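The structure displayed is predicted, hence computed values, not measured ones.
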Amino acid sequence: MLKIANLRVEIYDLFQQNKFFFDNEERYAAYYTSMYLLQDTTESLMNHRNNDFSSEPLTAYIEFWGVMQALIIQQDSIAELYKAVTATEMKKRNPASSWLSLRELRNICAGHPAKKDRPNKTPVSRTFMSRQFGKYSAITYEQWQDDNIKSRPIMEKISHPSVNLGELIDRYADEAVIELTEVLESMKNNGLK
């Protein structure tokens, strides 16, 4: 996250020195909105990571959802910043990317059985975030997955996957740094020094 914060400052400083985009109101607004959201989410995520999740279960539960939402807002602001500066969309992500894995984890932990993005034959699963889910080093959730075996007891269809959220965030941050570096390089290549 620190690299994201540092790149954001470099982009901001370069922009301020050159008054980039003042001739295009929409790109200018997208730039500034993205930069504010990027700063707020990055600083908040760094601060929370230093403190980890509360030992008070109800507070930790709200913190978890705040962290997950902040990550999505950060990703969206990076994509908007990329588009504002380069006038192009970011490249499609590899399905195995940490960027997409964070989004998928958020959706899984929400517990919704929606299958809009999955083939009809994919089993329905439901998840539940307990109040004692862990820390950044190991987030655990409960998952029930229908295996279409009616004789199998429900308790055998329940698992407790664990994810090292801190490691996943670190890998995502490395991917985000690549995108922000491209933003900075695009600004420099367009005559901004």
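With values rounded to the nearest 0.5 angstrom, Arg103 atom CZ is found 10.0 Å from Ser97 atom OG. With rounding to the nearest 0.5 Å, the separation of CD1 in Ile169 from CG in Leu102 is 6.0 Å. Here CG of Asp76 is found 10.0 Å from OG1 of Thr41. Values are rounded to the nearest 0.5 Å. Note that CD of Gln132 and OG of Ser55 are 9.5 Å apart. Values are rounded to the nearest 0.5 Å.
Not one N or O on the side chain of Asn47 forms a donor-acceptor pair closer than 3.5 Å with the backbone of Glu43. A donor-acceptor pair under 3.5 Å links the side-chain atoms of Gln75 to the main chain of Trp99, judged by distance alone. Between the Lys135 side chain and the Phe53 main chain, a donor and an acceptor come within less than 3.5 Å of each other. With Thr33 contributing its side chain and Ala30 its backbone, the two residues share no donor-acceptor pair below 3.5 Å. For the pair Glu10 (side chain) and Leu184 (backbone), a donor-acceptor distance under 3.5 Å is absent. Using a distance-only test at 3.5 Å, with no hydrogens or angles considered, a donor-acceptor pair links the side chain of Glu175 to the main chain of Ser98. Of the possible donor and acceptor atoms, one in the side chain of Arg8 sits under 3.5 Å from a partner among the backbone N and O of Met35.
Side-chain contact between Val85 and Phe15: absent, with no pair of heavy atoms (C-beta onward) separated by less than 4.5 Å. Using a 4.5 Å cut-off on side-chain heavy atoms (C-beta onward), Glu182 and Thr86 make no contact. Counting only heavy atoms from C-beta outward, the side chains of Glu179 and Lys91 never approach each other to under 4.5 Å. In this structure, Leu45 and Arg49 have side chains that are not in contact, with every pair of non-hydrogen atoms separated by 4.5 Å or more. Ile4 has its side chain within reach of Leu38: a pair of non-hydrogen atoms, C-beta onward, lies under 4.5 Å apart.
The minimum heavy-atom distance linking Ser162 with Ala138 is given by the pair OG-CB, 3.7 Å. Between Asp52 and Glu63, the shortest heavy-atom distance links the atoms O-OE1, 4.2 Å. Contact record, Ile139 with Leu165: CG1-CB, 3.6 Å, taken as the closest heavy-atom pair. In plain terms, the two heavy atoms of Asn164 and Glu167 that are nearest each other are OD1-N, 2.9 Å. Across every non-hydrogen atom of Asn94 and Leu100, the tightest pair is O-CD1, 3.5 Å.
Following chains of ILVMFWY side-chain contacts shorter than 4.5 Å, one can reach Trp65 starting from Tyr172, so the two form part of one hydrophobic cluster. Taken together through direct or relayed side-chain contacts under 4.5 Å among Ile, Leu, Val, Met, Phe, Trp and Tyr, Ile73 and Met68 form parts of separate hydrophobic clusters. Hydrophobic clustering of Ile, Leu, Val, Met, Phe, Trp and Tyr side chains at less than 4.5 Å, counting indirect connections, keeps Leu7 apart from Val9. Under a hydrophobic clustering in which Ile, Leu, Val, Met, Phe, Trp and Tyr are joined whenever their side-chain heavy atoms come within less than 4.5 Å, directly or via other members, Leu37 and Leu81 fall into different clusters. The cluster map of Ile, Leu, Val, Met, Phe, Trp and Tyr, joined by side-chain heavy atoms under 4.5 Å apart, puts Leu71 and Met46 in the same cluster.
Using a 30° and 60° split on the angle between ring planes, Phe64 and Phe133 fall in the tilted class, from 30° to 60°. Using the six-membered ring where Trp is involved, Tyr28 and Tyr32 have ring planes that are perpendicular, over 60° apart on the 30 and 60° scheme.
With Tyr31 as the aromatic partner, Arg27 does not meet the cation-pi criteria of under 6.0 angstrom to the ring centre and within 45 degrees of the ring axis.
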| task | Give the C-alpha distance, both sets of side-chain angles, the deciding distance and a yes or no for salt bridge (charged side-chain N to carboxylate O under 4.0 Å, His left out) between Lys3 and Asp170. | result | CA-CA 10 Å; Lys3 288 180 184 178; Asp170 290 344; over 6 Å; no
